Amino acid sequence: AILRSLLNETEIERAYEPPHGYDPQQQGEWDPDIITFQFKRPVSLLKSERGPGSLIVEYDFHELGRWQIEIGEYSFKLNRF
């Protein structure tokens, strides 16, 4: 949510079909009568690594590139690569 907000990528659209990877056995049957929304531009989590006092996550925003967030005990770094 932080990265989407920083990149101003918060636009949503109505989802008529279940998202990729939807598991009806785990999440229940998709009900098309329930109004559901999704982000217009998909993002993929590439890596999540937790260490003592730190967290590193990498996301692929496709056309906007790959982004890495490093959160430390007293720091926050955002990198695009």
Side-chain angles (χ1 to χ4, degrees):
I2 293 170
L3 186 56
R4 280 194 181 277
S5 185
L6 289 172
L7 296 175
N8 198 26
E9 283 296 321
T10 55
E11 189 173 351
I12 59 172
E13 63 187 5
R14 181 150 182 213
Y16 295 96
E17 300 289 326
H20 177 73
Y22 186 83
D23 183 357
Q25 290 183 334
Q26 183 180 33
Q27 298 168 276
E29 291 297 320
W30 180 264
D31 185 348
D33 294 330
I34 297 176
I35 297 174
T36 306
F37 293 91
Q38 63 188 7
F39 285 107
K40 193 166 189 172
R41 188 185 311 261
V43 62
S44 302
L45 177 65
L46 300 175
K47 173 182 160 183
S48 177
E49 185 178 300
R50 186 177 299 273
S54 68
L55 173 66
I56 299 172
V57 290
E58 290 181 13
Y59 294 99
D60 184 358
F61 260 87
H62 307 285
E63 304 90 48
L64 296 178
R66 291 177 57 182
W67 293 80
Q68 181 184 65
I69 299 174
E70 294 181 47
I71 302 170
E73 191 172 346
Y74 301 105
S75 64
F76 178 91
K77 295 180 186 175
L78 177 63
N79 301 304
R80 181 178 182 199
F81 54 105

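Atoms considered below: every heavy atom in the structure, side chains included; atoms not considered: hydrogens, waters and symmetry mates. As the structure is a prediction and not an experimental result, all values here were calculated from the model. Positions are given from 1, in the same order as the sequence printed here.
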Heavy-atom closest contact (Pro42 atom, Arg4 atom, distance)
C-NH2, 4.1 Å

Does Arg50 use its side chain to pair, donor to acceptor, with the backbone of Leu55 at less than 3.5 Å?
no

Contacts of Tyr22 meeting ring pair (Phe, Tyr, Trp, His ring centres under 6.0 Å) (sequence neighbours excluded), chain-then-number -> Trp30

Picking from His62, Glu63, Glu13, what satisfies side chain to side chain donor-acceptor pair (under 3.5 Å) with Arg41?
Glu63

More than 12 foreign heavy atoms under 6.0 Å from CZ of Arg14: is that the case here?
yes

Reported CG-to-CZ distance for the pair Leu46 and Phe61, which is rounded to 0.5 angstrom:
11.0 Å

Which atom pair, heavy atoms only, marks the closest approach of Gly21 to Gln27?
O-OE1, 4.3 Å

Neighbour count >12 (heavy atoms, 6.0 Å) for atom CD1, Ile35:
no

Please say yes or no: joined through hydrophobic side-chain contacts below 4.5 Å, possibly via intermediate residues, are Val43 and Ile71 part of one cluster?
yes

Closest approach of Phe81 to Gln68 (non-hydrogen atoms, all atoms of both residues)
CE2-CB, 3.4 Å

Rounded to the nearest 0.5 Å, how far apart are CZ of Phe39 and OG1 of Thr10?
7.5 Å

Hydrophobic cluster membership, with links at side-chain heavy-atom distances under 4.5 Å among I/L/V/M/F/W/Y: are Leu3 and Leu45 in one?
yes

State the CD-NZ distance between Glu70 and Lys77, to the nearest 0.5 angstrom.
5.5 Å

Restricting to non-hydrogen atoms, name the atom on Ser48 and the atom on Val57 that form the minimum distance, rounded to 0.1 Å.
OG-CG1, 3.9 Å

Just verifying a value: how many Å separate Lys47 NZ and Arg66 CZ, rounded to the nearest 0.5 Å?
9.0 Å

